[in-house]
Amino acid sequence: MKKYLPSIMFFVLLLIIWEWVVKYFEIKEYILPSPSAVGSSLINKKVLLWDHGLQTIYEAFLGFLLAIGAGLVLSVAMGLSPGVKRTIYPLMVVSQTIPIVAIAPLFIIWFGYVMMPKVVTVVLICFFPITLSLVEGLSTVDEDMVRLLTAMGASPWQVFRKVKFPGAMPSFFAGLKISATYSVMGAIIGEWLGASKGLGIYMTRSMKSFLTDQLFAAIAVVSILSLLFFAVVEITGRLVMPWYYQK
Amino acid sequence: MAEDYLVVDDIFKTYPPAEKGKEKLETLNGVSLAVKKGEFVSVIGPSGCGKSTLFNIISGLERPDKGSVLLDGKDITGEKGHISYMLQKDLLLPWRTVLDNCILGPELHGVSKKEAYRLAMPLLQEFNLSDFASSYPAQLSGGMRQRVAFLRTVLAKKELLLLDEPFGALDAYTKSEMQDWLSGIWSKYRETVLFITHDVEEAIFLSDRVYVFSKRPAVVKAEITVSIPRPRSRGEITSNDFVKLKKEMLSALLGA
Ligand SMILES: Nc1ncnc2c1ncn2[C@@H]1O[C@H](COP(=O)(O)OP(=O)(O)OP(=O)(O)O)[C@@H](O)[C@H]1O
Ligand SMILES: [Mg+2]
C-alpha cells in the first residue's frame with residue numbers, strides 16, 4: 001500500500017484544486033460538480049447505485065468469464081496447430097478493426113432488451129487481449145526447453161502441458177488484467193444502447209436530466225468496479241504463478 | 001574388456017546454408033567413438049566444432065546425414081527417449097519448484113507424483129539440495145541450478161548420461177567445486193557418462209578417456225586415455241602425469 005502513497009496524495013491534491021476551482025469560479029453544478037457534491041451524491045444514491053452496479057458487475061463478470069473460455073479454447077487450438085493459427089490469427093486481428101460501438105445496436109435487434117447483448121459486447125471487447133496475450137505467450141516458448149522434453153521422450157501434448165502452457169501464464173495474465181478493466185467498460189457500452197438496469201443506463205438518465213453530480217458518482221463507481229476486477233485478476237495471478245512473483 | 005555400450009559410427013552432418021549463396025555448413029565429418037558401461041568419457045574440441053550437434057544426434061533430436069548410433073547393440077539413430085541429456089543451458093522450468101523440476105523424467109513416463117518424490121528425496125539429500133526442495137529456480141545460485149539440472153538428468157533413469165558443458169557458465173571457483181562434487185558422485189554411482197567440455201583440465205580431472213575433436217568439420221583428432229588412479233585430488237593437477245596429459249591434449253587441440 002505504501003508504494004501508492006504518492007499517487008494517492010497527488011490525487012487528493014487534484015481533488016482539492018478541483019473543489020477550489022468550482023467554488024471560486026462559481027461553476028454551476030450541472031456543468032461541473034465539485035468533488036464534495038459528487039461525494040454526497042454517492043452517499044445519497046448509494047442504494048440505487050448499488051442496485052444498478054450489481055447488474056453491471058453481473059454482466060461484466062459473465063462476459064469476462066465467457067471471453068476467457070473462448071480465448072482459452074481458441075489460443076490452445078492455435079498453439080497446438082500452426083495451420084489453425086495461420087487461418088484464424090489474421091482474421092482475429094482484422095475483426096478488431098470493426099468498431100464495436102457501431103455494431104452493438106445490432107445485438108439488441110438480434111437478442112432484444114435483455115442481458116445477452118451486454119454480455120456479448122463485453123465478450124467481444126475482452127476476447128481479443130486475452131487471446132492475443134495467450135497466443136503470444138505460447139509462441140515465445142524457450143525452444144531449448146521443448147528440445148529437452150522431446151529428448152526425454154515427451155509427447156507433443158506433454159510438451160504443451162508442461163512447458164508451453166505454464167510458460168505462457170505471465171503473458172496470459174497481462175492480457176487478463178487489460179481485459180478485466182475493459183470488461184466493466186464493455187458492460188457500460190452495452191447498457192448505453194438500451195437497458196432497464198445498470199450503471200450505463202443510470203449514467204444516460206442522469207445526463208439527460210442534467211444531474212451531472214449523479215453522473216460523476218456513477219463514474220466513480222465504474223472506476224472502483226474496474227479496479228476491483230483488476231485486483232481479482234492480480235490476486236489470482238499471484239496464486240497461480242507464485243514463482244513469477246518471488247523473483 | 002567390457003563391451004562397448006554406446007557406439008557412434010561414422011557420423012556425418014551438414015547443415016543447409018544459413019542464407020542463399022552461402023556455403024553449406026559441414027559440421028561432423030565422419031565421427032566415430034565408443035563408451036563402455038560405467039565409463040566417463042569426455043569430448044573436447046574448439047568452440048563451434050560440432051560437439052553439441054553430436055549430442056543432438058545421439059539423443060535423437062537430430063538425424064545424421066550418414067552413420068549410426070548404437071546403444072547396447074541396438075540401432076537408436078534418430079530415436080528419442082533412450083538417454084538422459086543435459087543440455088548446455090540448465091533449462092530448469094521456472095514455474096516448478098526444485099523438487100518438481102527433478103521429477104520431470106519419471107513424471108513424463110507416467111510415474112505417480114508420490115512415487116517420483118520418493119525417488120527424488122534421497123538424491124536431493126545427497127546433492128545437498130534438500131533445504132531448497134520447495135524453492136523456485138530463480139532463487140538458486142548458478143552452481144545449485146546446475147546440480148538440480150544434473151539431478152533431473154540422473155533421475156530420468158537412463159543408462160547413459162550426456163552432459164553438454166554443464167559447468168561452462170560457472171565462475172572458476174564454483175566450477176572446481178562442482179567438478180569435485182561430480183567426481184565424487186560419479187565414483188559412487190559409476191553411471192556411464194559422455195561429457196562435453198572445452199576445458200582441458202576439467203577433461204583430465206573427470207574422465208577415463210578423452211576424445212579430442214578437430215575444428216569444424218569435426219573429426220576425432222586424438223583419443224587419450226587418462227590412467228591417473230581415482231579418487232583424484234585437486235592437488236594432482238600439477239603432478240607430472242597430469243601435466244604430461246595436458247600437454248598431449250593441448251598439442252592435439254591446437255594442432256587441429
Ligand atoms: N540447427 C542448426 N542449423 C544450422 N546450423 C547449426 C545448427 N546447429 C548448429 N549449427 C552450426 O553447427 C556448428 C556446430 O555447432 P555446435 O553447437 O555443435 O558447436 P559446439 O561444438 O557445441 O560449440 P560450443 O562449444 O560453442 O558449444 C556451428 O557452426 C553452428 O552454427
Ligand atoms: Mg555446444
Side-chain angles (χ1 to χ4, degrees), chain A residues 68 71-72 75-76 79-80 82 130 133-177 232-247, chain B residues 52-53 55-62 69 76 78-111 113 132 134-140 148-150 152-158 160-164:
Chain A
I68 293 176
L72 272 173
S75 25
V76 168
L80 284 174
I130 293 176
S133 62
L134 189 50
V135 167
E136 289 295 314
L138 289 174
S139 64
T140 51
V141 55
D142 185 341
E143 281 305 325
D144 283 328
M145 285 184 182
V146 176
R147 290 161 65 78
L148 172 79
L149 264 83
T150 313
M152 288 174 119
S155 67
W157 173 246
Q158 281 180 319
V159 170
F160 185 83
R161 274 275 294 110
K162 306 209 182 280
V163 176
K164 291 193 184 167
F165 197 69
M169 280 303 107
S171 167
F172 179 52
F173 270 90
L176 280 184
K177 280 185 207 166
V232 167
V233 173
E234 174 79 18
I235 290 166
T236 314
R238 281 174 188 272
L239 292 176
V240 173
M241 315 180 287
W243 59 276
Y244 189 69
Y245 289 94
Q246 277 186 25
K247 270 184 223 164
Chain B
S52 299
T53 305
F55 272 27
N56 287 338
I57 289 172
I58 298 175
S59 66
L61 283 175
E62 282 175 45
V69 180
I76 58 154
E79 289 178 22
K80 301 173 191 86
H82 290 288
I83 48 102
S84 299
Y85 185 7
M86 181 168 165
L87 284 88
Q88 215 158 343
K89 294 193 268 171
D90 61 57
L91 295 176
L92 298 179
L93 306 180
W95 47 87
R96 286 182 168 230
T97 61
V98 164
L99 182 58
D100 282 328
N101 264 292
C102 290
I103 62 156
L104 190 60
E107 188 185 320
L108 288 175
H109 295 102
V111 176
K113 273 229 160 126
F132 297 92
S134 52
S135 305
Y136 289 101
Q139 300 165 309
L140 304 184
V148 176
F150 184 65
R152 177 182 63 195
T153 316
V154 171
L155 212 63
K157 291 268 179 228
K158 299 289 189 270
L160 173 68
L161 304 185
L162 299 184
L163 310 179
D164 189 349

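Numbered from 1 within each chain, the chains take letters A, B, ... in sequence-line order.
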Taking side-chain hydrogen bond (donor to acceptor under 3.5 Å, both in side chains) as the definition, give me every residue that meets it alongside B:D100, ordered by chain and number, with sequence neighbours left out.
B:T97, B:Y117
Return the set of residues passing side-chain hydrogen bond (donor to acceptor under 3.5 Å, both in side chains) with A:Q158 (not counting sequence neighbours), or none when no residue passes.
none
Report, by ascending residue number, the residues of residues 80-88 of chain B in heavy-atom contact with chain A at a distance under 4.5 Å; give 'none' if the set is empty.
B:K80, B:G81, B:I83, B:Y85, B:L87
On a heavy-atom basis, which atom in B:A156 and which in A:M152 lie closest, and how many Å separate them?
CB-CE, 4.2 Å
B:Y136 vs A:P242 side-chain heavy atoms within contact, under 4.5 Å:
yes
Report the residues that fulfil side-chain hydrogen bond (donor to acceptor under 3.5 Å, both in side chains) with A:D144, sequence neighbours left out, ordered by chain and then residue number.
B:K89
Rounded to the nearest 0.5 Å, what separation is found between the CG atom of A:L148 and the OG1 atom of B:T153?
7.5 Å
Mind running side-chain contact (heavy atoms from CB on, under 4.5 Å) on A:R147 and B:N56 for me, showing each step along the way?
CA-CA 9 Å; A:R147 290 161 65 78; B:N56 287 338; 2.8 Å; yes
Contacting region of B:L108 [heavy-atom separation from chain A under 4.5 Å]:
both
Please report the closest heavy-atom contact between A:W243 and B:P94, naming both atoms and the distance.
CB-O, 3.3 Å
What's the separation between atom CH2 in B:W95 and atom CE in A:M169, rounded to the nearest 0.5 Å?
10.0 Å
Please look at A:M145 and chain B and tell me whether the side chain, the backbone, both or neither of the residue comes under 4.5 angstrom of a heavy atom of that chain.
both
